[in-house]
Amino acid sequence: MTALTLFDLVIRSMRKNIKHYYLYFFALILSVVLYFVFATLQYDSAILELSGTNMGTAFQAAGILLLFIAGIFVVYANSIFLKRRSREIGLYQLIGLTKRVVARLLIVENILLGIGALIIGIAVGLLVSRVFLLLLMKLIGYESFIEVSFSVAAVVQTIVVFIGIFALTTVQMIVMVFRNTLLSLFNSDKAGEHPKKPKTGVSAAFGVLGLLLIGFGYWFSGRMLNELFFFNILIVLATVIAGTYLLFRVTISWLLFKVRSRKEGHLGLMNSLSLAPLMHRLKGNANSLTVITILSAMTLTMVAFSYAMYYETERETDIRMPFDFMFENDEAQANEIMGEMDQKGIGYQHGKVEMLVVPTMFEQGVFPGGRYERPTAIISDEQLQAAGIEITAPKGGSASYHDASSISLFADSVELPIQIEIQDENLTTVEITKMGERNVLNWSIFYGQLVVNEESYQSMKNKFSGMEGAKVEFIDGFHILNEKDQETASALFQQPKYTSSGPHVDYYSSYKEAVQDNGLIIFIAGFLGLVFLISTGSILYFKQMTEAEQEKKSYATLRQLGFTGKEIMKGIMRKQAFVFGLPLAIGLLHSVFAMKAASFFFQSDILLPASTAMGIYVLIYAVFAFLTIGYYRKTVNAAL
């Protein structure tokens, strides 16, 4: 066979098999578009100018994950595509073409599809890149007009990456041709698993074990915040994954067999169209549904967590920085900036706060790791109130403790009251009866913050100011009265002449930086979540389309027996509720407990952002379920 004849055969084959090709071609184009958009943003000069190399590095790291998702998606779509064409490949060999020629034919087809997907995908990617860029700029708080720059590097990177993916699919095609016999090629669409009756005792034991593993993972997820945090994450992942697999592979399969046995073989129309196909593909469904469930839960947790971070940016910044800015032990600079703000007409409230810094020790059992030592600033509530901080010390000479740093993660597990030791000669103790939700001084002082009433403060100052390691310090705190003046005041505070040896931070710049960082995180998390959702939804859609083609003869038989399309669709919809709904429901449940564990990292309620992310996820997932049902309806209506 000459090259020309082979090429003609390729073109003829592609024309005849357009209904098979469009799914695979769609998968290729979609993967190219998404990856190219990501690569374009990674190399965009405007983005790099805004954030230096931070965004570029973040996009590179996320791009690696995106590469794996796209690769798995294309390879899986290709396997479905090849399976649907297995009879055609068998016919080529039956009419005399050697396996080598058939492999060459498939390779040429793959090259043509790959070139077409790259051209179309990059062109579409150029068009939609601006939409994603505008979204990113909106998330990071950048409001100026910006243009997407054409990046040769992004084009080259996309081409290189997909040449590698196409190489994998080519190997996949060659292996499929050479490892399958004619008989297996003609019977591949009939290949299915024959369910075996499960052993009641063993199934019950493994079924209960699966539920116990998931239950343990849920329980342990609320108790893993200690010095072995990362090891505990692995334990939760291992138990939940193993439990989920046993749930699909054993528990649910055992329930399906119980339903069938109670029917004594008389399943009826709806069960024959829903329960029976699931049982015949039990093992494959268990594997794929487990993977989709776990990855859905992890993706949903990632998206919800990042959205919660972005949603709570302002509140989290406010918790850590009660003053717009402050000076530590530098009255001269405080007076100088007040003069500059007066000249610019900036309204502000100024307060001077005195604090007694002493070495302290928390008692055993308060925080993980035993006794906890750190310098603590003792502050009068009256002075804080005069400086514009709304705070009242507990009564009876006790204190409230304020620290919005990582140690506050353990505040909910602390049983009040607790004792804090001041490290003087007598190890004097102070009783803490309240854990404050926010700092009373900006985090940049790096001290724990202990608030007492004015009388207790003066008494402690007289008693401890002369002890070793103790000192009296002052801060000048400022509140900017008008929000529109915050940017100008921040620019004044950030002048080089005010830069100290320690952290030189103010509320406005900290908030803007947090918006940029969290905006980038939610964009990347949302983008990857969208890619994963489209990939898994498409895989389920492709797989169900293949099953619909395999079951087409059964639908034709049912129609000939007098069953209506509406009656048949009821059974099919029950099956789709299992295939799409069950992994989604369990994935949502997994993510709820994961988010509950992640909520330790937030000082505020994350119910609204987490619920919003879950709602969007469910909505997009439902689209694929409806598309699948629509395809089944078309198949059933045509089965006559």
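The two atoms that bring A525 and V303 nearest to each other are O-CG2, 3.5 Å, heavy atoms only. Summarising the geometry of S444 relative to M326, their closest heavy-atom pair is OG-CE, 3.9 Å, with the distance given to 0.1 Å. Taking each heavy atom of L34 and L66 in turn, the nearest pair found is O-CD2, 4.0 Å. Considering all non-hydrogen atoms of both residues, R374 and F446 come closest at NH2-O, 3.2 Å. The two residues S490 and D506 make their nearest non-hydrogen contact at OG-OD2, 2.9 Å.
In summary, the side chains of T429 and E421 do not present any donor paired with an acceptor at a separation below 3.5 Å, with no hydrogens or angles considered. Counted by atom type alone, D403 and Q449 present zero donor-acceptor pairs between their side chains at under 3.5 Å. A donor-acceptor pair shorter than 3.5 Å cannot be found between the side chains of D381 and T392. Checking E382 against Y457 by side-chain atom types alone, no donor-acceptor pair falls below 3.5 Å.
S456 contributes no side-chain N or O that, together with a main-chain N or O of V452, makes up a donor-acceptor pair within less than 3.5 Å. For S509 (side chain) and V505 (main-chain N/O), no donor-acceptor pair under 3.5 Å exists by modelled atom type.
The side-chain heavy atoms of Q333 and D476, taken from C-beta on, include no pair separated by under 4.5 Å. In this structure the side chain of V155 never reaches within 4.5 angstrom of the side chain of T40, judged on heavy atoms.
By the neighbour-count criterion of 12 heavy atoms within 6.0 Å, atom CD of E513 is sparsely surrounded, having that number or fewer from other residues, nucleotides or ligands. Counting non-hydrogen atoms of neighbouring residues, nucleotides and ligands closer than 6.0 angstrom, the CD atom of E487 reaches no more than 12 such neighbours. Counting non-hydrogen atoms of neighbouring residues, nucleotides and ligands closer than 6.0 angstrom, the CD atom of E455 reaches no more than 12 such neighbours.
A salt bridge links E316 to R320: at least one charged side-chain nitrogen sits closer than 4.0 Å to a carboxylate oxygen. Under 4.0 Å is where a charged nitrogen must lie from a carboxylate oxygen, and between E354 and K352 no such pair does. Between K497 and E336, at least one side-chain nitrogen of the basic residue sits less than 4.0 Å from a carboxylate oxygen of the acidic one, meeting the salt-bridge criterion.
Taking the ring centroids of Y498 and F327, they lie under the 6.0 Å cut-off.
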Does the ring pair (Phe, Tyr, Trp, His ring centres under 6.0 Å) test come out yes or no for F624 and F580, once each step is laid out? CA-CA 9 Å; F624 285 100; F580 283 91; 7.7 Å; no
Steps toward side-chain contact (heavy atoms from CB on, under 4.5 Å) verdict (I418, T433): CA-CA 7 Å; I418 60 174; T433 58; over 6 Å; no
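Each of F478, Y507, Y508 was checked for a ring pair (Phe, Tyr, Trp, His ring centres under 6.0 Å) with F325, and the lone residue meeting it is F478.
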Could you pull out every donor-acceptor pair under 3.5 Å between side chains of residues 585-592 and any protein atom, sequence neighbours left out?
| from | atom 1 | to | atom 2 | distance (Å) |
| --- | --- | --- | --- | --- |
| H590 | ND1 | Y218 | OH | 2.5 |
| H590 | NE2 | T244 | OG1 | 2.9 |
| S591 | OG | G587 | O | 3.4 |
| S591 | OG | L588 | O | 2.7 |

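Classified by interplanar angle (parallel below 30°, tilted 30° to 60°, perpendicular above 60°), the ring pair F493/H504 is parallel.
By the ring-ring contact (aromatic ring centres under 6.0 Å, His included) test, F532 is found to be paired with no residue, residues two or more places apart in sequence or in another chain being considered.
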